[in-house]
Amino acid sequence: MVFDVQQYRQFVELIYKHPEWRAELRQLVLTEELLALPDLVRELAEAQKRSEERLTRLEATVAELAEAQKRSEERLTRLEATVAELAEAQKRTEQRVEELAEAQKRTELRVEELAEAQKRTEQRVEELAEAQKRTELRVEELAEAQKRTEQRVGNLESAMAELAAAHKQIASHLARLDNRIGISVEREAADALAYTLREKGYQI
């Protein structure tokens, strides 16, 4: 059977008016692959949509990872700065410890010097105490000697007084014998003076 153009157009109009005929005609005309093509296109579109959604989520995840990486790098930078500061502080602490150790060494040396000086001072004090004791003993000896000297001076003063009294007596005796001056009188006077002195314990 041959269709002319008019018949073909009528056939097309009938097909458009009856969708079920189109489906049947499609199944008769098209292969199974072509019939499955719309479903395949829809699946591909759905898969594309899911891929785009996954890609969007992946981009968001990558952005979050990039932001996290940035924050990690910033934290690492701050951490490195902190570590550098701690290292510098540790260096200063070690230097300070060395200075304190040196100061401690100087202090111990100074303490030893002071201890030695204290020892010498104590020894000097002991020597001064001994000297003071000897000085006090010497003072006591001098005081005793002074006491004896004063006693001897007192004795001499008494003797001088007695001699003065004897001299006065002799002068009085000589005055009475003034008119009888002569060798014999003078001799008597000398003998009398010598006798008096011997009586007082003086060596003539």
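Being a predicted model, the structure only gives us computed values, none of them experimental. The analysis underlying the following values was restricted to heavy atoms, covering all of them including side chains, and did not include hydrogens, waters or symmetry mates.
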- Note on the structure: d(Glu59 CD, Thr61 OG1) to nearest 0.5 Å is 10.0 Å
- Glu113 atom CD, over 12 foreign heavy atoms within 6.0 Å: yes
- Show the numbers, then the answer: is there a side chain to side chain contact (heavy atoms under 4.5 Å, CB included) between Lys105 and Leu109? CA-CA 6 Å; Lys105 184 184 293 185; Leu109 181 61; 5.8 Å; no
- Message: Quick check for you: to the nearest 0.5 Å, what is the distance between Arg96 atom CZ and Thr93 atom OG1?
- Response: 10.5 Å
- Message: As a test of understanding, state which of Arg120, Glu122, Glu116 forms a side-chain hydrogen bond (donor to acceptor under 3.5 Å, both in side chains) with Gln118.
- Response: Glu122
- Apply the test side chain to side chain contact (heavy atoms under 4.5 Å, CB included) to residues Glu53 and Lys49: give CA-CA distance (whole Å), side-chain angles for both, the deciding distance (0.1 Å), then the verdict. CA-CA 6 Å; Glu53 291 176 353; Lys49 183 179 180 181; 3.5 Å; yes
